[in-house]
2 protein chains.
Amino acid sequence: MTTVDSNEELGRRDRKKLETRAALERAALTLVAERGLAGVTVEDIAEAVDVSSRTFFNYFPSKEDALIGRNRMVGAELKERLAGVPSGVPALDALRLVLREQAVQVQDQREWWMLRLKVLEQNPSLLPHLISGGVETELLLTGLIAERVGDDGYAHLVTAVSLAAFRATMMRWSSGDGVPKLVVLLDEAFARLADGLSTP
Amino acid sequence: MTTVDSNEELGRRDRKKLETRAALERAALTLVAERGLAGVTVEDIAEAVDVSSRTFFNYFPSKEDALIGRNRMVGAELKERLAGVPSGVPALDALRLVLREQAVQVQDQREWWMLRLKVLEQNPSLLPHLISGGVETELLLTGLIAERVGDDGYAHLVTAVSLAAFRATMMRWSSGDGVPKLVVLLDEAFARLADGLSTP
DNA sequence: TGAAAGATTGCAGATCCTGAAATTTCTTCC
DNA sequence: GGAAGAAATTTCAGGATCTGCAATCTTTCA
C-alpha cells in the first residue's frame, strides 16, 4: 500500500500538515475496517496518530469525512482538465475524458480505494458522506458544462448522468477483484450511454 | 397545503402514530425553513408537536431524516409497479414508466416538495441524506432490473443513470415554479437518454 | 535572534443519539 | 364496564460528536 506524498516545493510546516492529514485518514480507514464505524471513536483515531482529538476536528469536520477523504476532485483541477478538451467536443465526451483521468488516479491508489469501498459496503451510513463529496463536484462540473453548451437543463442532465455512470462503474470495479481496468470499464459504460442504453 | 392522510381501516393507535409522524415532519420542515438547519434543535421540533425529544428519536433516527421524510418508494410498491410492465419492454423504458408514477406522486404533493427542495437548497448538507434515501431504492431497483435483463453490469448502469436523470429533473422542476409538469420534464430527460445524450 | 504567523491543545458546553426502566395509553377479550 | 396485555411515551443517565475560545508551542523569515 503506497502513501501519496505529493510534497513538491513545500516547507516543513505544510509537509507535516499533509502528513498529519494523511495519517489521520489512514488511521481512520484501517481502524474502521477492523472494528466497524461505531466501534471507533474520534479519540481512538486521534490517539493512533498521537494528536489531540481537537486537532482531528481541525482537519476534518466529522469522523465520516476522514474516511471518505480526499475523493473530491479539486475545483481548479477539474476546470483545468476540462479546459484541456477542445470546445468542439460534445459534452458527453468531454465528461468522459475528464472522468477517465479521475479513474486513472483511483487506479493508482487501488489498494486504498478497495479498502475504502469495503468500509463503505460494511457501513452504509457512510454513503451519504461519500455522495456529498460528489455533490459539490457535480455542481461545479454542471456549471462548467453549462458554459460549454448553452442549454442549462441539458448540462444538469448530462453531468448527473455521467457521474452516476462513473459511480456505478466504480462499484462494479470494486465488486470484482479490480482486475478489469477501471478505465476500460468506464469506456464501456460511456459507450453504452452514447448508444442510448439500448438493451445489451 | 394538504396533509396526506391515508388512514383507511386503521385503529386509533395507528392513526395517532401516523399523525404524530406527519406532525413531526411538518414541524421539522417549517421550522428549518424559517431558521435554517443549525437554528433548530430536535428539542424544538419535539416541543412544537408537544412530545418528548426521546419520542422524536423513536420515529426518526436523526434530525435530517425527519426533513427528508418518506420520499423513499416502498419496496413492495416498486416491485409491483415493475411487475406491471411487460417483460418485453426494454429496461430503460420500464424504469421510465416506474419513475413516471413516482413523479405523479410528487406532483400531488407539490407544495410540500417545493418546501422540501427549498430547504434542501438552503441547507446543502441535507442533499446527501436525500440521495442516500435513494440508495436503497437504487439497490432494490437494480436487483429487479437485473432479473429482467441478464446483464448485471448493465442493470447497475441503467438504474443508476435513470435515477440520476430523475433527480436532475426534480431539481430542474423545483428551480422553476413547478409550472412545467414534472412528468413532462421527465419524459424529455428520458428521450435524451434514449438518444444517447447527443448535444442539443 | 526575535517577532509574526500558524498549528496544536485543553477546556467548557451545546447538541445528538441510545439503552433501560417506569409510566401512560390503547386494544382486546371476558 | 373492567381487567389483562400490548404498544407508545416519557424520564433519566450517559457516551459521543462537534464548536468556540484562549493559551501554548512550533515554524518561518526578516
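Throughout, a chain's letter reflects where its sequence line sits, starting with A, and its residues are numbered from 1.
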Checking all strands, does Ser62(A) fall into the base, sugar-phosphate, or nothing category for heavy-atom contacts under 4.0 angstrom?
sugar-phosphate
Just to confirm, is there a sub-4.0 Å distance from OP1 or OP2 of dA7(C) to any side-chain nitrogen or oxygen of Lys17(A)?
yes
Between dT17(D), dT9(D), dC12(D), which nucleotide has the shortest distance from any of its atoms to the side chain of Thr20(B)?
dT9(D)
What's the angle between the local helix axes at either end of the helix from dT1(C)-dA30(D) to dC30(C)-dG1(D), using five pairs per end and rounding to 10 degrees?
20°
Report the C-alpha distance between Met114(B) and Trp173(B) in whole Å, list the side-chain angles of each, state the deciding distance to 0.1 Å, and finish with yes or no for side-chain contact (heavy atoms from CB on, under 4.5 Å).
CA-CA 9 Å; Met114(B) 289 305 237; Trp173(B) 175 68; 4.2 Å; yes
Go through the steps to decide whether Trp112(B) and Leu29(B) satisfy the test side-chain contact (heavy atoms from CB on, under 4.5 Å), and finish with yes or no.
CA-CA 9 Å; Trp112(B) 279 114; Leu29(B) 203 53; 3.3 Å; yes
Whole angstroms only, please: what is the CZ-P distance between Phe60(A) and dT8(C)?
12 Å
What is the distance from CZ of Phe57(B) to P of dA20(C), rounded to the nearest Å?
17 Å
Nearest to the side chain of Asn58(B), which nucleotide is it out of dT9(D), dT17(D), dG10(C)?
dT9(D)
Nearest-Å distance for atom pair CG/P, residues Leu24(A) and dT9(C):
10 Å
Between Lys63(B) and Lys16(B), which residue's closest nucleotide on DNA chain C lies nearer the 5′ terminus?
Lys63(B)
In whole Å, what is the span from the CZ atom of Arg54(B) to the P atom of dG14(D)?
16 Å
Quick one: is dT9(D) close enough that its OP1 or OP2 comes under 4.0 Å of any side-chain N or O from Thr55(B)?
no
Does the ring of Trp113(A) carry Arg110(A) above it, NZ/CZ under 6.0 angstrom from centre and within 45° of its axis?
no
On DNA chain C, does the nearest nucleotide to Ser52(A) precede the nearest nucleotide to Phe56(B) from the 5' side, or the other way round? Give the residue.
Ser52(A)
Round to the nearest Å and state the distance from Arg15(B) atom CZ to dT27(C) atom C1'.
13 Å
Rounded to the Å, how far apart are Glu19(B) CD and dT9(D) P?
12 Å
Is Glu77(A) salt-bridged to Arg81(A), going by a charged N under 4.0 Å from an acidic O?
yes
Keeping the roles fixed (side chain from Arg172(B), backbone from His156(A)), state whether a donor-acceptor pair exists under 3.5 Å.
no
I need the CD-P distance between Glu64(A) and dC16(C), as an integer number of Å.
15 Å
Does a side-chain N or O of Tyr59(A) approach OP1 or OP2 of dT8(C) to a distance below 4.0 Å, or not?
yes
Given atom CG of Leu31(A) and atom P of dA16(D), what is their separation to the nearest angstrom?
15 Å
Centre of Phe166(A)'s six-membered ring, under 6.0 Å away, within 45 degrees of the axis: is that where NZ or CZ of Arg100(A) sits?
no
Side chain of Thr41(B) only, heavy atoms from C-beta on: which candidate in dT15(C), dG20(D), dT10(D) is closest?
dT15(C)
Before you tell me yes or no, could you show the steps for Leu197(B) and Tyr154(A) under side-chain contact (heavy atoms from CB on, under 4.5 Å), namely the whole-Å CA-CA distance, both residues' side-chain angles and the distance that decides it to 0.1 Å?
CA-CA 9 Å; Leu197(B) 287 167; Tyr154(A) 175 75; 4.2 Å; yes
